[in-house]
Engineer: 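Here's a structure for you.
Side chains included, hydrogens not; waters and symmetry mates left out as well; all remaining heavy atoms used.
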Amino acid sequence: MPAVFPGTTTATTTVSAVVAVALAAGLLTGAATTASATTTASPVTARETVTAREAVTTPVRIHDIQGTTRTSPLAGQPVAGVQGIVTGVRTYGSKGFWFQDPRPDADPATSEGVFVFTSSTPTVAVGDAVNVSGTVTEYVPGGLASGNQSLTQITKPDVTVTSSGNALPAPVTLSEGSVPSRYAPAGDPAAGGSVNGLRLAPTRYALDRYESLEGMNVRVGTSRVVGATDAHAELWVTVKPHENANRRGGTVYGSYTAQNTGRVQIQSLVPLAEQPFPKADVGDVLTGGAEGPLDFNQYGGYTLTARILGTVSDRGPRPGTTRGQRAGELAVATYNVENLDPGDPREKFDALAGAVVRNLASPDIVALEEIQDDNGPKDDGTVSAEETLRKFTAAIVAAGGPAYEWRGIDPVNDADGGEPGGNIRQVFLFNPARVSFTERAGGDATTATDVVRDRGRAALTLSPGRVAPSDPAWTDSRKPLAGEFTFRGRTVFLIANHFASKGGDEAITSHHQPPTRSSEIRRHAQARTVNTFVKKLLSVQRNADVLVMGDINDFEFSGTTDALTAGRVLYPAVESLPRAERYSYVYQGNSQVLDQILTSPSIKDFTYDSVHINAEFADQNSDHDPQVIRFRP
């Protein structure tokens, strides 16, 4: 049946000058329940064109509220009698509903849908024709400091249902042909790099295309999964199956200037108690796709909130494996085991241990990141990780692996960041049947190891020891762990790292374009510190075999990697892989490099493998994939 709407009334106000100035400057923001700017105007039910003789009024429509930029020209203004059809209802989290005008205008930059924030469970149903009065606001998910774009919405609503059972506006299909290949326009320098005040160009930029559909009924067809189902019941698909695809089904992130434009986050509007969210791995297929309103949230940006959700077809690959080392090869791995502590279930220990034995083929040395102390997050001053490591190495033996020994340095309590009380640190495991560890006593949390010449060759003053632990770059961050090993009579120096996280960086959907990456300042400083130490090793012994490894928390093309490799003292071994295979982590549908092993110039011939056993899967024992290098010292 056709939608039935009541009549509209006229208005006597326009957008306030305060709001207009804020919009022009790209500064307009808001909160979920408050307007971004305040006025004393009467409710807007019409737009005015005033002449000397008369005022002509037309009803306010949803596209008038959305406007042609990222922020509403009516932000901060009350509106009344806005009409549309309900296309989705959310009864959890940020409660409310979306409604859409079934009579669109001719401007592709203006969205025809908008979210109504009700705060309590909505009383409307999909298909209802409604009249909505309330205040137009711009809500910034994550707050102003996040740099996120804002979501235009109507708050403090008064809703009248005029009819039910109406046909919904036809969904807009997101597809390879409908989403531009360029990601976002450059931000306006006069507005601090913000794109908020720029007119949307939905045929030129993907970010503009998605913004022009904010709040509208959209769909994706049958699509490949590029981000596994997570603990928050969401997954990522791509509507561009050929965009930077790899052989395992993911979408590889290879540069700051080549964003993957086809990624779309999928959530469900159906409560999980009524319909469990499908479990999917990277490479699986969401058969039947999804349909529902296009939302914008803090954790991923534009999100299809599915009213209709397809099923998952198992098409993804199985967990990867690497070959075993040959007699003359030294195999070294790095593996972030994600806050491992004795309180974790035995299943986690067994799974991680089984991965070391079966998937990594029992490397000679394993540099571990995120080993927690013996009581995990309990913050009582405990710093020893002996029980954590005893339990883990025993699990490796039980899985058929070698009896690894370990070396590490206990941190100062609560001085290295990570989960409060957990005291995470890097640790070396090594197989004493194939490798010997050179003990040089005296290393502790605050004493720096150094490089000396010993019988014409480089040696560490402390092994194990920490690299520059008092340098400000490592404040509240994990200090590098250095160790000296011997394999078949040849010394090999290892430096295990866990650089500062990307916390605080703006998302790629930020209203700043390019986004601000504030966290990389710390990693650049950390990388320079490690680079300086490697240069010192090589100045004493030019042909020293050095491996720098760990959770670098940055890409192979990043400034952090540039700082690590400065002077060509190190080479990022992941670059030996084809571009499509360079990744160790999957974030928001982007397969990307965070974990690395870098080699000194003397290590010329090696084989490298990023062993994909976690990042692509809904069932994870860690969120990182381990890396393995094999070479002949």
Engineer: In the structure I gave you, are the side-chain heavy atoms of Leu207 and Gln513 within less than 4.5 Å of one another anywhere?
Structural biologist: yes
Engineer: Report yes if some heavy atom in the side chain of Val530 is under 4.5 Å from a heavy atom in the side chain of Val548; otherwise report no.
Structural biologist: yes
Engineer: Counting C-beta onward and ignoring hydrogens, is there a side-chain heavy-atom pair between Val225 and Asp281 closer than 4.5 Å?
Structural biologist: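 Heavy-atom side-chain distance check fails, nothing below 4.5 Å.
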Engineer: Nearest 0.5 Å, what's the CG-OH distance between Asn431 and Tyr404?
Structural biologist: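 Spacing of CG (Asn431) from OH (Tyr404) equals 6.0 Å.
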Engineer: State, to 0.1 Å, how close Leu286 and Ala290 come at their nearest heavy-atom pair, and which atoms those are.
Structural biologist: CD2-CB, 4.4 Å
Engineer: What are the two closest heavy atoms between Phe617 and Arg248, and how far apart are they?
Structural biologist: CZ-NH2, 3.6 Å
Engineer: Could you check whether any side-chain heavy atom of His498 comes within less than 4.5 Å of a side-chain heavy atom of Asn336, counting everything from C-beta outward?
Structural biologist: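 In contact.
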Engineer: With a 6.0 Å cut-off on ring centres, are Phe485 and Phe428 close enough?
Structural biologist: yes
Engineer: Distance only, no hydrogens: is a donor on one side chain within 3.5 Å (strictly under) of an acceptor on the other, for Thr388 and Asp341?
Structural biologist: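 Their side chains do not contain a donor-acceptor pair, so the 3.5 Å distance test is not met.
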Engineer: Do Thr461 and Asp450 pair up side chain to side chain, a donor and an acceptor below 3.5 Å, judged on atom types alone?
Structural biologist: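 Checked: Thr461/Asp450 side chains show no N/O donor-acceptor pair below 3.5 Å.
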Engineer: Measure the spacing between CD1 of Ile597 and OG of Ser576 and express it to the nearest 0.5 Å.
Structural biologist: 10.0 Å
Engineer: Do the side chains of Ile552 and Leu594 get nearer than 4.5 Å, heavy atoms only?
Structural biologist: no
Engineer: Under 6.0 Å between ring centres: does that hold for Trp474 and Phe499?
Structural biologist: yes
Engineer: Classify the angle between the aromatic ring planes of Tyr583 and His612 as parallel (below 30°), tilted (30 to 60°) or perpendicular (above 60°).
Structural biologist: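 Parallel: the ring planes of Tyr583 and His612 meet at under 30°.
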Engineer: Are Gln620 and Asn614 linked by a side-chain donor-acceptor pair shorter than 3.5 Å?
Structural biologist: no
Engineer: Centres of the Phe631 and Phe606 rings: under 6.0 Å?
Structural biologist: no
Engineer: Using the salt bridge (charged side-chain N to carboxylate O under 4.0 Å, His left out) rule, pick out the option among Arg425, Arg466, Arg478 that qualifies with Asp416.
Structural biologist: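 With Asp416 as partner, Arg425, Arg466, Arg478 yield a single salt bridge (charged side-chain N to carboxylate O under 4.0 Å, His left out), made by Arg466.
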Engineer: Without hydrogens or angle criteria, can the side chains of Arg630 and Thr322 be said to hold a donor-acceptor pair below 3.5 Å?
Structural biologist: yes
Engineer: How many angstroms lie between atom CZ of Arg224 and atom OG1 of Thr238, to the nearest 0.5 angstrom?
Structural biologist: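 Result: 6.0 Å between the selected atoms.
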Engineer: Kindly say whether Tyr299 contributes a backbone atom to a donor-acceptor pair with the side chain of Gln265 at under 3.5 angstrom?
Structural biologist: yes
Engineer: Where is the tightest heavy-atom contact between Gln149 and Phe296, given as atom of each residue plus distance?
Structural biologist: O-CE2, 3.3 Å
Engineer: Taking atom types as modelled, is there a side-chain donor on Glu556 or Gln596 under 3.5 Å from an acceptor on the other?
Structural biologist: no
Engineer: Among side-chain atoms of Gln325 and Asp364, is any donor-acceptor pair under 3.5 angstrom?
Structural biologist: yes
Engineer: Where do Glu405 and Arg407 land on the salt bridge (charged side-chain N to carboxylate O under 4.0 Å, His left out) test, with the steps shown first?
Structural biologist: CA-CA 7 Å; Glu405 295 183 16; Arg407 297 292 187 275; 3.5 Å; yes
Engineer: Distance alone, cut at 3.5 Å: any donor-acceptor contact between the side chains of Thr532 and Thr529?
Structural biologist: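 No, because no side-chain N or O of Thr532 sits under 3.5 Å from a partner of the opposite role on Thr529.
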Engineer: Distance check, rounded to the nearest 0.5 Å: Glu370 atom CD versus Ile424 atom CD1?
Structural biologist: 4.5 Å
Engineer: Checking Glu506 against His512: is there a side-chain donor and acceptor pair closer than 3.5 Å?
Structural biologist: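 A donor-acceptor contact under 3.5 Å links the two side chains.
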Engineer: Going by distance alone, is a donor N or O of one side chain under 3.5 Å from an acceptor N or O of the other, for Ser255 and Thr257?
Structural biologist: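 Result is yes, a qualifying pair exists.
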Engineer: State the OG-CD distance between Ser463 and Glu439, to the nearest 0.5 angstrom.
Structural biologist: 6.5 Å
Engineer: Does the side chain of Glu234 pick up a donor-acceptor pair with the side chain of Gln267 at under 3.5 Å?
Structural biologist: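 Side-chain D/A pair, Glu234 to Gln267: present.
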Engineer: Kindly give the heavy-atom pair with the smallest separation between Pro317 and Val282, and that separation in Å.
Structural biologist: CD-O, 3.7 Å
Engineer: At their closest point, which heavy atom of Thr491 faces which heavy atom of Asp545, and how far apart are they?
Structural biologist: O-CB, 3.9 Å
Engineer: Does Ser600 use its side chain to pair, donor to acceptor, with the backbone of Ala544 at less than 3.5 Å?
Structural biologist: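 Here the side-chain-to-backbone pair exists.
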Engineer: Given side chains that start at C-beta, do those of Phe392 and Val356 come closer than 4.5 Å, heavy atoms only?
Structural biologist: yes
Engineer: Is Thr173 close to Val220 at the side-chain level, that is, under 4.5 Å between some pair of heavy atoms?
Structural biologist: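 Sidechains of Thr173 and Val220: no contact.
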Engineer: Is it true that the side chains of Gln627 and Asp625 contain a donor and an acceptor less than 3.5 Å apart?
Structural biologist: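 Absent: no donor and acceptor within the cut-off.
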Engineer: For Glu329, which of Arg323, Arg632, Arg488, Arg434 qualifies under salt bridge (charged side-chain N to carboxylate O under 4.0 Å, His left out)?
Structural biologist: Arg323
Engineer: Has the side chain of Ser510 got a donor or acceptor atom that lies under 3.5 Å from a matching backbone atom of Gly147?
Structural biologist: yes
Engineer: Would you tell me whether Arg523 and Ser519 have side-chain atoms, one donor and one acceptor, within less than 3.5 Å of each other?
Structural biologist: yes
Engineer: Any donor and acceptor pair, going by atom type alone, linking the side chain of Thr449 with main-chain N or O of Val467 inside 3.5 Å?
Structural biologist: no
Engineer: Take the angle between the ring planes of Phe555 and Phe557 and call it parallel below 30°, perpendicular above 60°, tilted in between.
Structural biologist: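 It falls in the parallel class, under 30°.
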Engineer: Have Thr334 and Asp595 got a donor and an acceptor in their side chains that come within less than 3.5 Å?
Structural biologist: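 Checked: Thr334/Asp595 side chains show no N/O donor-acceptor pair below 3.5 Å.
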Engineer: Which heavy atom of Ala403 sits nearest to which heavy atom of Pro432, and what is that distance?
Structural biologist: O-CD, 3.5 Å
Engineer: So, applying side chain to side chain contact (heavy atoms under 4.5 Å, CB included) with Pro319, which one of Ile613, Asp619, Asn621 is it?
Structural biologist: Ile613
